[in-house]
Amino acid sequence: MAGLLALGAGVPGSVQASAHASVQASVQASARVADGPEADVAYHGRVALSGARLRIWLVPENDGPAAVPNATLRVLLSAELADRQQLAEGCARAGSREVVCETGPLPLHGRGRHIALLLDLRERAPEVAVRVDTWWDGGATDRNHSNDEHVVLALDTGDTYAF
């Protein structure tokens, strides 16, 4: 921190104080996140594209070391969704290409509820990139994002692609 303030030599005191307060707030926010329980949320599933219809089936899991009372996953598409969607319970549209779903409780070394989405696209696409990641972690700290951030390319063949 002293090095940061030394770099501000010649800068008015109010600007230095403001920068210092901003850095201090960031450090405190990081400390609060690290104070939460630690969990390892993961998603496994399948994606298939046929015409203008995208099928996604996935299961959230938690490898611990703590249980998660609830989390929210995000499905982000490279193609726009049709205006009307009939979404699974616990899921909501969050944008023109985005759907979010709650996982339900994720017990230690256990699975959450199975989530099945049948999404209609605005128009037929030869391929759609599907990104699945954690939107909200239920207050837990997850240090391993290699198993909860996936990007899958689904071709308009009806074939199933696993992640």
Side-chain angles (χ1 to χ4, degrees), residues 1 22-82 84-122 125-163:
M1 189 66 66
S22 176
V23 169
Q24 197 169 29
S26 294
V27 169
Q28 288 172 347
S30 296
R32 281 193 300 274
V33 170
D35 289 343
E38 186 173 345
D40 185 14
V41 176
Y43 305 113
H44 303 285
R46 300 185 304 265
V47 175
L49 176 63
S50 182
R53 183 160 277 185
L54 182 68
R55 291 185 323 245
I56 303 170
W57 179 85
L58 61 91
V59 179
E61 298 179 2
N62 177 20
D63 291 328
V68 176
N70 196 4
T72 305
L73 66 91
R74 174 177 63 170
V75 176
L76 184 61
L77 308 176
S78 64
E80 288 195 19
L81 292 163
R84 293 186 180 206
Q85 299 291 325
Q86 187 170 354
L87 299 173
E89 185 177 337
C91 296
R93 189 171 179 160
S96 64
R97 299 173 183 220
E98 190 172 16
V99 173
V100 294
C101 298
E102 66 180 356
T103 63
L106 296 174
L108 176 62
H109 301 296
R111 293 180 168 189
R113 66 185 187 89
H114 294 215
I115 298 169
L117 295 170
L118 183 57
L119 303 174
D120 292 319
L121 303 178
R122 182 172 300 280
E127 63 186 33
V128 174
V130 179
R131 179 184 171 97
V132 176
D133 61 14
T134 301
W135 200 47
W136 178 69
D137 60 10
T141 300
D142 188 341
R143 300 183 201 289
N144 176 17
H145 293 289
S146 66
N147 57 4
D148 68 332
E149 294 178 353
H150 303 282
V151 178
V152 181
L153 182 64
L155 304 178
D156 182 14
T157 60
D159 293 333
T160 301
Y161 301 91
F163 60 93

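One is the number of the first residue; the rest follow in order along the sequence.
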**OP:** Indicate whether the side chain of Thr134 and that of Tyr43 have a donor and an acceptor atom separated by less than 3.5 Å.
**Re:** yes
Could you grab the distance from atom [atom1] of [X] to atom [atom2] of [Y], nearest 0.5 Å is fine?
| X | Y | atom1 | atom2 | value |
| --- | --- | --- | --- | --- |
| His44 | Asn147 | NE2 | CG | 6.5 Å |
| Asp156 | Leu49 | CG | CG | 4.5 Å |
| Leu73 | Glu149 | CG | CD | 12.5 Å |
| Leu153 | Tyr161 | CG | OH | 7.0 Å |
| Cys91 | Ile115 | SG | CD1 | 5.5 Å |

**OP:** Decide side chain to side chain contact (heavy atoms under 4.5 Å, CB included) for Leu54 and Leu77; before the verdict, give the C-alpha distance in whole Å, the side-chain angles of both, and the deciding distance to 0.1 Å.
**Re:** CA-CA 10 Å; Leu54 182 68; Leu77 308 176; 3.5 Å; yes
Original post:
Is there a side chain to side chain contact (heavy atoms under 4.5 Å, CB included) between His109 and Glu61 once you walk through the steps?
Top reply: CA-CA 7 Å; His109 301 296; Glu61 298 179 2; over 6 Å; no
Donor-acceptor under 3.5 Å ([X] side chain, [Y] main chain):
| X | Y | result |
| --- | --- | --- |
| Thr103 | Thr72 | no |
| Asn62 | Leu106 | yes |
| Asn144 | Asp40 | no |
| Gln85 | Asp120 | yes |
| Arg97 | Ser78 | yes |
| Arg113 | Pro105 | no |

Subject >> Close side-chain approach of Val68 to Asp137, heavy-atom, < 4.5 Å >> reply: no
Subject >> Student check: side-chain heavy atoms of Leu117 and Arg55 closer than 4.5 Å >> reply: no
Identify the heavy atoms of [X] and [Y] that sit nearest to each other, and give their distance.
| X | Y | answer |
| --- | --- | --- |
| Ala66 | Ala39 | O-CB, 3.7 Å |
| Arg111 | Val59 | CD-CG1, 3.8 Å |
| Gly158 | Ala48 | O-CB, 4.1 Å |
| Trp136 | Asn70 | CZ3-O, 3.4 Å |
| Leu81 | Gly95 | CD1-O, 4.3 Å |
| Arg93 | Ala82 | NH1-O, 2.7 Å |

**OP:** Please say which of Arg74, His150, His145 ends up in a side-chain hydrogen bond (donor to acceptor under 3.5 Å, both in side chains) with Asp133.
**Re:** Arg74
**OP:** Apply side chain to side chain contact (heavy atoms under 4.5 Å, CB included) to the pair Leu119 and Leu87, showing each step before the final yes or no.
**Re:** CA-CA 8 Å; Leu119 303 174; Leu87 299 173; 3.6 Å; yes
Original post:
Does CH2 in Trp57 sit with more than 12 non-hydrogen atoms of other residues, nucleotides or ligands closer than 6.0 Å?
Top reply: yes
